[in-house]
Amino acid sequence: MTELRHAVPKPPLDPHLKALENEAIHIFREVAAEFERPVMLYSIGKDSSVLLHLARKAFHPGVIPFPLLHIDTGWKFAEMIAFRDRMAAEFGFELIVHTNPRGVAENVTPFTHGSARYTDIMKTEALRQALDAGRFDAAFGGARRDEEASRAKERIYSFRTPDHRWDPRNQRPELWSIYNGMIRPGESVRAFPLSNWTEVDIWRYIEAEAIPLPSLYFAAPRPVVQRDGMLILAADTRLVLLPGEVRQTRSVRFRTLGCFPLTGAIPSKATTVADIIGELEIATVSERQGRAIDRDQSGSMEKKKREGYF
Amino acid sequence: MTLHLEAALRAEPQAGVARNVPRHTRPLRFITCGSVDDGKSTLIGRLLWDTKAVKEDQAASLARDGASRQNELGLPDFALLLDGLQAEREQGITIDVAWRYFSTDRRSFIVADTPGHEQYTRNMATGASTVDLAVLLVDARAGLLQQTRRHATIVSLMGIRQVVLAVNKIDLAAYSRDVFEALAHEFRELALSLGITQVTAIPVSALKGENVVRGAATSMPWYHGPTLLEALEAATVRSEQAVGFRLPVQRVSRPGESFRGYQGTVAGGAVKPGDSVAVLPSGAIANVAKIVTFDLVRNAAVAGDAITLVLDRPVDVARGDMIVALDAQPMTGRRFEARLVSLTQEGIHPGRRYWQKSSSRRQRVSVTPTALLDLASGAWQGAEALPFNGIGRALLDFEETAIFDIYDRNRATGAFILIDPDTHDTVAGGMVTGTGAAIAGLRRLSGDATSQNTAHLREARQKSAETGKVTVRLPADLLAVLLDSEVVSERRTDIEVLSDD
């Protein structure tokens, strides 16, 4: 695990990051004040780590006034789970972990059910179950509008029907920074404090604020196999090599973290946040390039979102 | 699973030169407005493409979706790049406001990309509500259209004072300097009449990328002004710092018995420990004890800062209250006047009770529309209801005290939304222009001015008494300026002008 700690008092944020931070804190406070049962989706990745940091800032000197929810598919990188538990212990937030019992009972895996069906059951369905069980009326997520085309049209308060559906053609207009949080019982809102952040902003903020991250984000020699055009981490014993596949050790890192069989690594020598920012500024592919679930078909993220995925 | 990424995977890891430049300003937010055929999508696509905001896999995904749709330069169809929703790609239309991000070494940008055709008022108003600047597109061959006037009017009403006029398709007008300058001149006059004082006109070809990111010295040697990107880099961001201190209270933080702080985002002015403040609507007075943030206890906070304020004495403060500078307070009252943009099919009807939300305050209001703006002519006409996409004026009657600044002085505390209590839809955006009592006060004042008993004043007073209007007599040139100003033109029906000769 990589720890970043400044020995000297850190300099103030530049006006760009400060403006993004202010906006995110405003959204956190507004949702916490307007809704009865908020929850924050915590996926352990870099965006979630920034979200967690901003939530702590928003409610300081108090504690985060809502639980964090992790949808555990059972196929996350092992280091992510250890990191999650360490953060919960260190920062003292309430953590809810949910895995879809049906998926476990039916032994749904990314290898046997295909990435689309696996994601639907272990992520989307699991999320709906957890939100229903907690009767949460607002859920924070770390999605950013620059990530993917359908996200670019999503509101900061994204309204969901009682069955968690998103209707992109019928969204409430959102003017100024005045958010309409009026809902009926059963309806809910997904709130996105990082809507206006870009990937580079996330990294620059992580650097400026010394936010701890799983070491998977930083380059190191790791065992990988090439599969479906992606470099898959070959550390977990559940990964069975297919004929012709060769385990090799390469210097790689991950631009996003998800389920290890579905998340591709990129060749990289970036071992610090500054190295990563340097790589990003000359990068020619987007960060979701490493995500299998986005590439199933065009518009697949929109489709998943309509069905209740974040 | 389709694969277009072999090349990316084969690429050797690059060491990368960190260009981690601090940004000295916050992101510039701007909106682009234009008719369907003005080339708006091409312009935004060009900005994203030439600033390298489009990545290879996104381009590959474009190629897959619309292999047959390429522009004449062999570049991807930029419109496909922008239209994120399935229905949009299938129908070749843009449905809603989309947000785009790109950056240069000097600055980063957030673009509100709104469709030019249907429901443009609603979408433009939504996009324009948060921006610092508007880029208006016109086709060099078509000139200023009715639509240009409409867009400029909406931009002005939403409080945007900086406009870039992009005269597009200049290549199809033979790169004509005369065409460009005539259009630029005509637009400046229009803009001035709407109160827009900062206009930058730029001749561009979005398709060829001329004067967008790259210059065009070869094809337009006569043009010495900035490219679009240079103009955007040089633009100023809006600031609410010059007005009185405002802190709409979002929540009260009470982690223990010993701490009580008021959390919110400073919506105007600045504050420091020791400042005297009033809590509205109660009117309680206190001094600022300290400003708490996660990082450190601060000695000052300015507009835009998300803070926790601690006062020096126990006063009753709740969510929805506003903590304000004691010596520069906002307006409070039950009746206000506002401009409204109607955002739903049903329109806005007289006497209807809505929920009103402004900053952190939500309360009941009944709305009486009084006038509707004819976007084609710019004239206000009497009206009792506002249709879908209509821009109008209305009286707001609150059941409890409301707190506002005039929108043109402080957007954060002068703006509000109306929420339908049944459907919970956001049905209107509103901008406060004054208290309902102001006009009556003005009338009384002009009628009471008896100390200077001139013939002119007698005539004016008599006229006021007859018509119930404010009567003005001014030199012709001054009068022209006054009548052209937005605040007066909106209340033109309340003013009687006496000729000076």
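Residue numbers begin at 1 in each chain, while the letters A, B, ... track the order of the sequences. This one's a predicted model, so the numbers in the text were calculated from it and none came from an experiment.
For the options Val237(B), Leu343(B), Asp305(B), Val292(B), heavy-atom pairs under 4.5 Å to chain A are most numerous at Asp305(B). For the set Gly264(B), Gly304(B), Ser129(B), the entry with the most heavy-atom pairs within less than 4.5 Å of chain A is Ser129(B). Interface check for chain B: of the options His26(A), Arg29(A), Glu21(A), Arg172(A), the most heavy-atom pairs under 4.5 Å are formed by Arg29(A). Interface check for chain A: of the options Gly261(B), Gly430(B), Ala128(B), the most heavy-atom pairs under 4.5 Å are formed by Gly430(B). Your options are Glu174(A), Arg184(A), Glu187(A), and the one with the most heavy-atom pairs under 4.5 Å with chain B is Arg184(A).
Interatomic distance, Trp176(A) CH2 to Met158(B) CE, rounded to the nearest 0.5 Å: 4.5 Å.
Minimum interatomic distance between Thr198(A) and Tyr101(B) (heavy atoms only, all atoms of both residues): CG2-CB, 3.6 Å. In plain terms, the two heavy atoms of Arg26(B) and Ala19(A) that are nearest each other are CB-CB, 3.6 Å. Closest heavy-atom contact between Pro255(B) and Gly62(A): CB-CA, 3.7 Å. Nearest approach of Lys357(B) to Ile178(A), heavy atoms of both residues: O-CG2, 3.5 Å. When every heavy atom of Gln263(B) is checked against every heavy atom of His60(A), the shortest pair comes out as NE2-O, 3.2 Å. Listed here is the closest heavy atom pair of Glu30(A) and Ser359(B): OE2-O, 4.1 Å.
By the 4.5 Å heavy-atom criterion applied to side chains, Trp99(B) and Arg144(A) are not counted as neighbours. Considering only heavy atoms from C-beta on, Arg145(A) stays 4.5 Å or farther from Ile110(B) through its side chain.
Contact of Ile183(A) with chain B is made through the backbone alone, with heavy-atom distances under 4.5 Å. Using a 4.5 Å cut-off between heavy atoms, Ala58(A) contacts chain B through its backbone alone, with no side-chain atom that close. At a 4.5 Å heavy-atom cutoff, the contact between Phe59(A) and chain B is made by backbone and side-chain atoms alike. For a residue to count as touching a neighbouring chain, one of its non-hydrogen atoms must lie under 4.5 Å from one of that chain's; by this rule Pro12(A) does not touch chain B.
Contact annotation for residues 413-420 of chain B against chain A (heavy-atom separation below 4.5 Å, listed by residue number): Ala415(B), Phe416(B), Ile417(B), Ile419(B).
Ionic pairing of Lys57(A) and Asp295(B) is present here: one or more N-O contacts between side-chain nitrogen and carboxylate oxygen are shorter than 4.0 angstrom.
Exactly one residue among Thr344(B), Asn123(B), Val427(B), Thr426(B) makes a side-chain contact (heavy atoms from CB on, under 4.5 Å) with Pro173(A). That residue is Thr426(B).
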